[in-house]
4 protein chains.
Amino acid sequence: MEQQFNEKTDSNATTTQAKQTADGKYAKILQSAIAVISEKGLDKTSISDIVKKAGVAQGTFYLYFESKTALIPAIANNLLTITLGAIKEKVQHESDVWRKLEVFVDETFHITEAYRDVIVLCYSGLAIDNSLEKWEAIYQPYYDWFEHILIKGIESKQLYAHMHVEWTSRMVINLVENAAERFYIGKEQQNTIEVYKSEVIAFLQRSLEAR
Amino acid sequence: MEQQFNEKTDSNATTTQAKQTADGKYAKILQSAIAVISEKGLDKTSISDIVKKAGVAQGTFYLYFESKTALIPAIANNLLTITLGAIKEKVQHESDVWRKLEVFVDETFHITEAYRDVIVLCYSGLAIDNSLEKWEAIYQPYYDWFEHILIKGIESKQLYAHMHVEWTSRMVINLVENAAERFYIGKEQQNTIEVYKSEVIAFLQRSLEAR
Amino acid sequence: MEQQFNEKTDSNATTTQAKQTADGKYAKILQSAIAVISEKGLDKTSISDIVKKAGVAQGTFYLYFESKTALIPAIANNLLTITLGAIKEKVQHESDVWRKLEVFVDETFHITEAYRDVIVLCYSGLAIDNSLEKWEAIYQPYYDWFEHILIKGIESKQLYAHMHVEWTSRMVINLVENAAERFYIGKEQQNTIEVYKSEVIAFLQRSLEAR
Amino acid sequence: MEQQFNEKTDSNATTTQAKQTADGKYAKILQSAIAVISEKGLDKTSISDIVKKAGVAQGTFYLYFESKTALIPAIANNLLTITLGAIKEKVQHESDVWRKLEVFVDETFHITEAYRDVIVLCYSGLAIDNSLEKWEAIYQPYYDWFEHILIKGIESKQLYAHMHVEWTSRMVINLVENAAERFYIGKEQQNTIEVYKSEVIAFLQRSLEAR
DNA sequence: GATGAATGAGTATTCATTCAT
DNA sequence: AATGAATGAATACTCATTCAT
């Protein structure tokens, strides 16, 4: 199942690889940018900060990125690649759709915690630019992958047959991500996390289960 | 029901009123800011743009706002006030909880369309500042209000009794707002809107209904 | 005769005066700009150099000039005002047209020597900008003034009656200025200057005299 | 007559030839530079623009030109070569000095129109550098050639015998070029051109004719 | 000779903020 | 309260030039 998505993932990877020059300056700059911007915020990060950390010259930045703004989609793409990679990895070991959903929620919370700052910068960065559509484009492979989970679940009669899989895919992913973000951004107590996740799963289950 | 929230709403209003001077300069500046920033984006909008549109002097801005950054929570607050006001207004005419939900979805889509730009600027503005918690604080009255809808629905045995109302309130509001945003940001065809909304409502209904 | 040109001169002066604020910051910046650019050349002069010399803040420059480029027409205008002022002053004491011509040549050489650098920067500055027409516009009062000299000379039967005064005015002014520039730019020996000027005057006289 | 100038011309040519490599890269770069700079102006033209148009690598530029600045004298030299070549070509068919003068004026106007942009860039370029003397040096063969025209005219008793030929040569060339430039830069109506040229010729004739 | 990736110095311009009036 | 002239810090981006291949 995931097989056919590897292609898309690969196409992303290819894009990335296309940028992989000799000494991997593209990657070095991108990683430095993520690190610095995550810490200081997009506005307060100067190109100078980034190149200093990356150990390249000021002008080199512009050999790989058209502008400061062009960093954001690259970062977002990077984040999605990591996210989707990690989630696929975990989920593929499960065969039951409900277990998949649980693992998906688990992993989303986990990644959200780890990449909290990057997630925030992607939101703000893409919003600034009025390029929220780019976000949707970047998320496309994620949506696609989850749609297939849903379809399989429907085929196995475990999921509600009449749902609109495309829309539902987006609603579920958003619901879970947002719940996770609210959990970590709001800095709620860690001890409630399992209860919180259960509630999210229960909410989804009631919506998704076959009836 | 709304009664007890008037307090909080008032506290917001009070904040606003405190700033209401003679010629309503606070409001004039705020409205100008919303208009200009919605159009040009936060970054490309200068205080100069705002005061020019408001017809006041440069320095006057700082009599009402501590800094440019301080505009965002004010704008967000203004948006929430409008949103919550409009939704309450519409919803209060309904007695059935499912009708309330429908009207709530309708109105959210409506407002999202109308205030699309402002919503985007609030996201990016608050994210920039790493002050996403402020957003939650501002949304508090909205969450509270919806919780009461849920509670009433539970009491009337129409809604699922074991839900965690606080969390569910947030999940539902987020789900609907996000669906609406995706609809208008993605610029999907208008003719699918009713189907789309129905799907959202159906999704929620399956989760929320008593069983 | 000069009376009627005072108007135009005044209009220039007025323009200048309009810019004369409280502490004469406009003039201070303009004079500093002339000084620094004359010395270092336009390209190698930074706004920082100018404001430092003028004793104002960086941003203050932009209160009085739209851009670095906008300096050049201002400088050119300033130069013309000085030039025309000085020449008029000297020439008005002469009644004979040939004496006027002599004094005009004398004074042109004199001013060219004194303002050599400024003249060069005006040439290059206006050429850079492809705004050579501006130069013509700025020179207009000069051309006008000289036309009247020619007309008076024609009326007194001393100058060739069938010349085209407007074109001749431009040709003569250019001829003399260019001769002077070539003299000082080429750094010819000072001892030849009187002979050189005589040759220029003789050349002109043969062209202009009534016959 | 031109014979003796061939040397100088050759010296120029030699300079050029010295740079003529295998695939004529020098010429390719020079022509590209003229084209691009004429269009965009010196300041806004980057070496990158030039090499891109020339179809050579960035570094190749520096094999043929020491720096960006070094382009200007090369362009000016190129312009003079073209100008002098064209004018000589036309004038040599005339035997009468007055006809030569007419043809000289005609051709100067013609070339000024055709190379307007290049002329402007030479002015500004050389002025920027404070290297106006270079311009004189480049023009030397032109002055020399015209001096000989004058000498021949004097010998044939058609021209005024007591003129200073060297200075007069420069004055005349400048007068005509400047008149032409003013004509095309000022964008005067084309229908006046013949009248305009006649006036220039008449002005010169009165100065130059034997008396 | 040719290349073109890498460099890093250099700067015009913007704009949030202040404060004397 | 209101003004708006003045400030000066801050920075994205350019591009001439170099040099290892």
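Just so we're on the same page: letters track the sequence lines, and every chain starts at 1.
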Enquirer: Which residue lies toward the 5' end of DNA chain F, C/G59 or A/G59, if each is placed at its nearest nucleotide?
Expert: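 Looking at the nearest nucleotide for each, C/G59 comes out on the 5' side.
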
Enquirer: Calculate, to the nearest 0.5 Å, the distance between atoms NZ and OG belonging to B/K25 and B/S32 respectively.
Expert: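 Between atom NZ of B/K25 and atom OG of B/S32 there are 12.0 Å.
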
Enquirer: With a 3.5 angstrom cut-off on both distances, give the Watson-Crick or G-U wobble partner of F/dA1, or none if there isn't one.
Expert: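 Checking every strand shown, F/dA1 finds no partner, since no pair has both distances under 3.5 Å.
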
Enquirer: Give the rounded distance in Å between these two atoms: CD1 of C/I47 and P of F/dA9.
Expert: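 Distance, rounded to whole Å: 17 Å.
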
Enquirer: Could you tell me the separation between the OH atom of A/Y26 and the P atom of E/dA6, rounded to a whole number of Å?
Expert: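 Answer to the nearest Å: 15 Å.
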
Enquirer: Check every strand shown and say whether C/T69 touches a base, only sugar-phosphate, or nothing at a heavy-atom separation below 4.0 Å.
Expert: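 Result for C/T69 = nothing.
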
Enquirer: Once you round it to whole Å, what is the distance between P of F/dG4 and CG of B/D49?
Expert: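 Result: 17 Å.
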
Enquirer: Side chain of B/Y64 only, please: which of E/dT18, F/dA2, F/dA12 is the nearest?
Expert: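 Ranking E/dT18, F/dA2, F/dA12 by closest atom to the B/Y64 side chain puts F/dA2 first.
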
Enquirer: For the pair made of CZ in B/F65 and P in F/dA1, what is the distance, rounded to whole Å?
Expert: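 Rounded to whole Å, this separation is 14 Å.
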
Enquirer: Under 4.0 Å between a side-chain N/O of D/T60 and OP1 or OP2 of E/dT3, yes or no?
Expert: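 For D/T60, the contact criterion (side-chain N or O under 4.0 Å from OP1 or OP2 of E/dT3) is met.
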
Enquirer: Classify the nucleic acid contact of C/S46 as base, sugar-phosphate or nothing, counting any heavy atom under 4.0 Å across all strands shown.
Expert: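 If one applies the 4.0 Å heavy-atom cut-off, C/S46 turns out to touch the sugar-phosphate alone, with no base involved.
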
Enquirer: Using the side-chain contact (heavy atoms from CB on, under 4.5 Å) rule, take A/L63 and A/V56 through it: C-alpha gap first, then chi angles, then the decisive distance, then the call.
Expert: CA-CA 11 Å; A/L63 290 178; A/V56 299; over 6 Å; no

Enquirer: Tell me, which of residues 51-58 of chain D have any heavy atom that sits under 4.0 Å from an atom in DNA chain E?
Expert: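 The answer is D/V56, D/A57, D/Q58.
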
Enquirer: What nucleotide among F/dC13, F/dA2, E/dT17 has an atom nearest to a side-chain atom of B/L63?
Expert: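 Of F/dC13, F/dA2, E/dT17, F/dA2 is nearest to the side chain of B/L63.
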
Enquirer: Please state how far atom CG in A/L42 lies from atom C1' in F/dT11, giving the value in whole angstrom units.
Expert: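 Rounding to the nearest Å, CG of A/L42 and C1' of F/dT11 are 13 Å apart.
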
Enquirer: Run the side-chain hydrogen bond (donor to acceptor under 3.5 Å, both in side chains) test on C/T81 and C/N78 for me, step by step, so that the C-alpha distance in whole Å, both residues' side-chain angles and the decisive distance to 0.1 Å come before the verdict.
Expert: CA-CA 5 Å; C/T81 303; C/N78 187 262; over 6 Å; no

Enquirer: Taking atom NZ of B/K40 and atom CG of B/L121, what is their separation to the nearest 0.5 Å?
Expert: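 If I round to the nearest 0.5 Å, the distance is 14.0 Å.
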
Enquirer: Mind checking who E/dA6 pairs with, Watson-Crick or G-U wobble, both distances under 3.5 Å?
Expert: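 Its partner is F/dT17 (Watson-Crick or G-U wobble, both distances under 3.5 Å).
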
Enquirer: Could you tell me the separation between the OH atom of B/Y62 and the C1' atom of F/dG4, rounded to a whole number of Å?
Expert: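 Distance, rounded to whole Å: 13 Å.
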
Enquirer: Under 4.0 Å from OP1 or OP2 of F/dA2: is there any side-chain N or O of B/K25 that close?
Expert: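 Answer yes for this pair, as a side-chain N or O of B/K25 is under 4.0 Å from OP1 or OP2.
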
Enquirer: Measure the OG1-CG distance between A/T69 and A/L126 for me, rounded to the nearest 0.5 Å.
Expert: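 It is 10.5 Å, given to the nearest 0.5 Å.
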
Enquirer: To the nearest 0.5 Å, how far apart are CH2 in B/W135 and CG in B/N77?
Expert: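 The CG atom of B/N77 is 10.5 Å from CH2 of B/W135, to the nearest 0.5 Å.
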
Enquirer: Working to the nearest 0.5 Å, report the span between OH of B/Y115 and CD1 of B/I34.
Expert: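 The OH atom of B/Y115 sits 8.5 Å away from the CD1 atom of B/I34.
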
Enquirer: Side-chain contact test, heavy atoms from C-beta onward, threshold under 4.5 Å: evaluate it for C/L71 versus C/F61 and give yes or no.
Expert: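 Side-chain contact under 4.5 Å: yes.
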
Enquirer: Taking atom P of F/dA12 as reference, at what distance in whole Å does atom CG of A/D43 sit?
Expert: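 Roughly 10 Å, once rounded to whole Å.
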
Enquirer: Starting at atom CZ of C/F61, determine the distance to atom P of F/dA9, rounded to an integer number of angstrom.
Expert: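 The distance from CZ of C/F61 to P of F/dA9 comes to 19 Å, rounded to the nearest Å.
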
Enquirer: Considering Watson-Crick and G-U wobble pairs with both distances under 3.5 Å, what does F/dA9 pair with?
Expert: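 Paired with F/dA9, as far as the under-3.5 Å criterion goes, is E/dT14.
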
